[in-house]
Amino acid sequence: MRFTSEQHLDDGVLARELVVGEIPGTLWTPRLMPAPLILMAHNNGLPRTDARLVARARYVAAEYGYAVASIDAAGCGDRPRSPSDERARAELRRAMQDGEQADELLESVVGPLVEAAAPDWRTALDALLALPGITGPVGYSGWAALGIRLAAVEPRIAAVCLYAGGYVPRAQREEARRVTAPLLLLLQWDDEGNPRRHALDLFDAFGSTEKTLHANRGGHLATPRFELEDSCRFHDRHLR
């Protein structure tokens, strides 16, 4: 790992851009170290520079004292995509604009994206935990499909907070049965891109003995601010 830039922010957080091999990322650390680590990923490969993710990361670091990391894994953010990936995404956009049933197209986009992204996140986790001041256990927050895969294969992840507003492929729905870490699943009741029945069935599938579902009215982007605070308290219970 090497750091390529750093910025001291006005909330006391240090934001550093980093590279692990070919994997670009950002690490936000609080004033007081050492600190437990939370991995934060955006749904379906959106970039780590997305304003909503950055705001969440800064809040978690500044107000709750966690180190927060995000990366642009393979196929995510500005990372290159294969011609077949681009064709699948274009077909998905067309189908959704036309109001067509898109489950199979989502499967063809999100499934390969998770398969490609998960190894990069595990590589980054190895490098992050080798840094002075970054401690385990590790939490995860964000993209549900990726979080399921990581929690199923990565024993260092001790708590997972998942946003149900993103398509979860069949493989990850089955993998949820292998996830035993404490779970907080956030559901927007009127999410136009994630039918609530799918999210409720997914919640039932998790093998975790401690699992909590928070459901709020509103669409995909209407998650209440207090859920961010609740997710931090959830991580406090399991990472401190």
- prompt: When you measure from the side chain of Arg122 to the backbone N and O of Val153, does any donor-acceptor pair fall under 3.5 Å?
  reply: yes

message: So that I can tick it off, tell me whether Asp10 and Arg58 are bridged by a salt bridge, with the cut-off set at under 4.0 angstrom between side-chain N and carboxylate O.
response: yes

message: For Val168, is there any backbone N or O sitting under 3.5 Å from a side-chain donor or acceptor partner on Arg173?
response: yes

message: Does this structure show an ion pair linking Asp50 with Arg56, if we count only N-O contacts that are shorter than 4.0 Å?
response: no

- request: Could you tell me whether a side-chain N or O of Arg196 sits under 3.5 Å from a main-chain N or O of Trp189, the two making a donor and an acceptor?
  value: yes

- request: Quick one: do Lys211 and Leu185 satisfy side chain to side chain contact (heavy atoms under 4.5 Å, CB included)? Show the steps, please.
  value: CA-CA 8 Å; Lys211 55 183 180 179; Leu185 183 66; over 6 Å; no

message: What's the separation between atom CZ in Phe3 and atom OG1 in Thr26, rounded to the nearest 0.5 Å?
response: 10.5 Å

- line: Result for side chain to side chain contact (heavy atoms under 4.5 Å, CB included) between Val138 and one of Leu129, Leu128, Ile38 points to Leu129

- prompt: Is the number of heavy atoms from other residues, nucleotides or ligands under 6.0 Å of Glu229 CD greater than 12?
  reply: yes

message: Is any side-chain heavy atom of Pro36 closer than 4.5 Å to one of Arg240?
response: yes

- request: Measure from the side-chain N and O atoms of Ser208 to the backbone N and O of Pro182, and report whether any donor-acceptor pair falls under 3.5 Å.
  value: no

- prompt: Between CH2 of Trp143 and CG of Leu113, what distance do you get to the nearest 0.5 Å?
  reply: 3.5 Å

message: With rounding to the nearest 0.5 angstrom, report the CD1 to CG distance, Ile23 to Asp120.
response: 3.5 Å

task: Would you mind reporting whether Pro224 and Gln188 have side-chain heavy atoms less than 4.5 Å apart?
output: yes

- request: Evaluate the side-chain proximity of Trp121 to Ile157: yes if any heavy-atom separation is below 4.5 Å, no if none is.
  value: no

statement: Gly218 and Asp190 have their tightest heavy-atom pair at N-OD2, 2.8 Å

query: With a 4.5 Å limit on heavy-atom distance, are the side chains of Leu37 and Leu125 in contact?
result: yes

task: Please examine the side chains of Glu115 and Arg149, heavy atoms only from C-beta on, and report whether any two atoms are closer than 4.5 Å.
output: yes

field: Check ion pair Arg197-Asp201 (N to O, under 4.0 angstrom)
entry: yes

- request: Check whether any side-chain heavy atom of Val110 sits under 4.5 Å from a side-chain heavy atom of Val114, and report yes or no.
  value: yes

- request: Apply the test side chain to side chain contact (heavy atoms under 4.5 Å, CB included) to residues Asp126 and Val20: give CA-CA distance (whole Å), side-chain angles for both, the deciding distance (0.1 Å), then the verdict.
  value: CA-CA 10 Å; Asp126 289 340; Val20 183; over 6 Å; no

message: Under 3.5 Å, is there a donor on one side chain and an acceptor on the other for Tyr167 and Glu107?
response: yes

- prompt: Under 30°, 30 to 60°, or over 60°: which ring-plane class applies to His235 and Tyr66, parallel, tilted or perpendicular?
  reply: perpendicular

query: Looking at CG of Asp72 and CZ of Arg48, how far apart are the two atoms once the value is rounded to the nearest 0.5 Å?
result: 4.5 Å

Inter-residue atom distance Leu146.CG - Ile148.CD1, 0.5 Å rounding: 9.5 Å

query: Going from OG on Ser70 to NE2 on His42, what distance comes out if it is rounded to the nearest 0.5 angstrom?
result: 8.5 Å

